[in-house]
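Counting from 1, the numbers follow the sequence of the chain as shown. Heavy atoms only: backbone and side chains are in, while hydrogens, waters and symmetry mates are out. Computed from a predicted structure; not experimentally measured.
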Amino acid sequence: QVQLVESGGGLVQAGGSLRLSCAASGRTFSNYAMGWFRQAPGKEREFVAAISRYGGSTDYADFVKGRFTISRDNAKNTMYLQMNSLKPEDTAVYYCARHLTLYSVRVYREKDEYDYWGQGTQVTVSS
């Protein structure tokens, strides 16, 4: 059973930065692509960023391009999301997730293709 635990959320002023972490249990972290998603109150969970199993490929939602950076350290079983130039509309619960496909080198946007999820970490950006 895989466990994903997010951390690093909090309250920040507009224009500020936060770094989210996602720590994974088990020995298979490097075998899977990973992703970050977010869900604001009353809205659907949406794709934010994804990274391939070795980090060679990344993908971002248009609304975070140039502001957020996804990365991973397979030796530490940890994925990161560096968030800069935060805006009030970035306020949401942020979730990390593991894609269901083993050994793929691709990145994926579709949330229904992710099979393990963390509990989420709240990010609040004040104006």
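Nearest heavy atoms, Pro88 versus Ser127: CG-CB, 3.8 Å. Of all the heavy atoms in Asn74 and Ser30, the pair that sits closest is ND2-CB, 3.3 Å.
Looking only at side-chain heavy atoms (C-beta outward), Phe68 and Asn84 stay at 4.5 Å or farther from each other. Residues Thr121 and Val93 form no side-chain contact, since every pair of their non-hydrogen atoms from C-beta on lies 4.5 Å or further apart. Contact annotation: the side chain of Thr58 never approaches that of Val107 to less than 4.5 Å [non-hydrogen atoms, C-beta and beyond]. Put simply, the side chain of Arg53 does not reach to within 4.5 Å of the side chain of Ser104, judged on heavy atoms.
Taken from OG in Ser71 to CD1 in Ile51, the straight-line distance is 6.0 Å, to the nearest 0.5 Å. To the nearest 0.5 Å, atoms OG (Ser25) and CD (Gln1) are separated by 8.0 Å. Atom CD1 of Ile70 is separated from atom OG of Ser57 by 11.5 Å, given to the nearest 0.5 angstrom. With values rounded to the nearest 0.5 angstrom, Ser52 atom OG is found 12.0 Å from Met34 atom CE. The distance from the OH atom of Tyr32 to the CG atom of Leu102 is 4.5 Å, given to the nearest 0.5 Å. Annotation: the span from Gln39 atom CD to Arg45 atom CZ amounts to 5.0 Å, rounded to 0.5 Å.
Residue Leu100 is not grouped with residue Leu4 when hydrophobic side chains (ILVMFWY) are merged at heavy-atom distances under 4.5 angstrom, including chains of intermediate members. No single ILVMFWY cluster, assembled from side-chain heavy atoms under 4.5 Å apart, contains both Met79 and Tyr95. Following chains of ILVMFWY side-chain contacts shorter than 4.5 Å, one cannot reach Val5 starting from Tyr94, and the two form parts of different hydrophobic clusters.
Pairs passing the salt bridge (charged side-chain N to carboxylate O under 4.0 Å, His left out) check and including a residue from residues 12-41, sequence neighbours excluded, read Arg38-Glu46, Arg38-Asp90. Residue pairs meeting the salt bridge (charged side-chain N to carboxylate O under 4.0 Å, His left out) criterion with at least one partner in residues 94-111, sequence neighbours excluded, are Asp59-Arg109, Arg98-Asp115. Sequence neighbours left out, the pairs with a member in residues 102-127 that pass ring pair (Phe, Tyr, Trp, His ring centres under 6.0 Å) are Phe37-Tyr114, Phe37-Trp117, His99-Tyr108, His99-Tyr114.
Applying the 4.5 Å side-chain rule to ILVMFWY residues, one finds that Leu11 remains a lone member of its cluster. Annotation for Val105: hydrophobic cluster partners, listed by chain and number, are none (ILVMFWY side-chain heavy atoms under 4.5 Å, direct or chained).
Looking only at distances, a side-chain donor or acceptor of Trp36 sits under 3.5 Å from a matching main-chain atom of Tyr80. Formation of a donor-acceptor pair under 3.5 Å by the Glu6 side chain with backbone atoms of Gln119 is found in this model. Distance alone, capped at 3.5 Å, places no donor-acceptor pair between the Ser21 side chain and the Ser7 backbone.
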> Under the side-chain contact (heavy atoms from CB on, under 4.5 Å) criterion, do Leu18 and Leu86 qualify, and how do the steps go?
Replying inline: CA-CA 8 Å; Leu18 284 173; Leu86 283 161; 4.2 Å; yes
> Under the side-chain contact (heavy atoms from CB on, under 4.5 Å) criterion, do Val123 and Met83 qualify, and how do the steps go?
Replying inline: CA-CA 10 Å; Val123 171; Met83 305 187 296; 3.8 Å; yes
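Take Thr124 and apply the side-chain hydrogen bond (donor to acceptor under 3.5 Å, both in side chains) test, not counting sequence neighbours, and it matches Gln122.
A cation-pi geometry, defined here as NZ or CZ lying under 6.0 Å from the six-membered ring centre and within 45° of its normal, does not hold between Arg67 and Tyr60.
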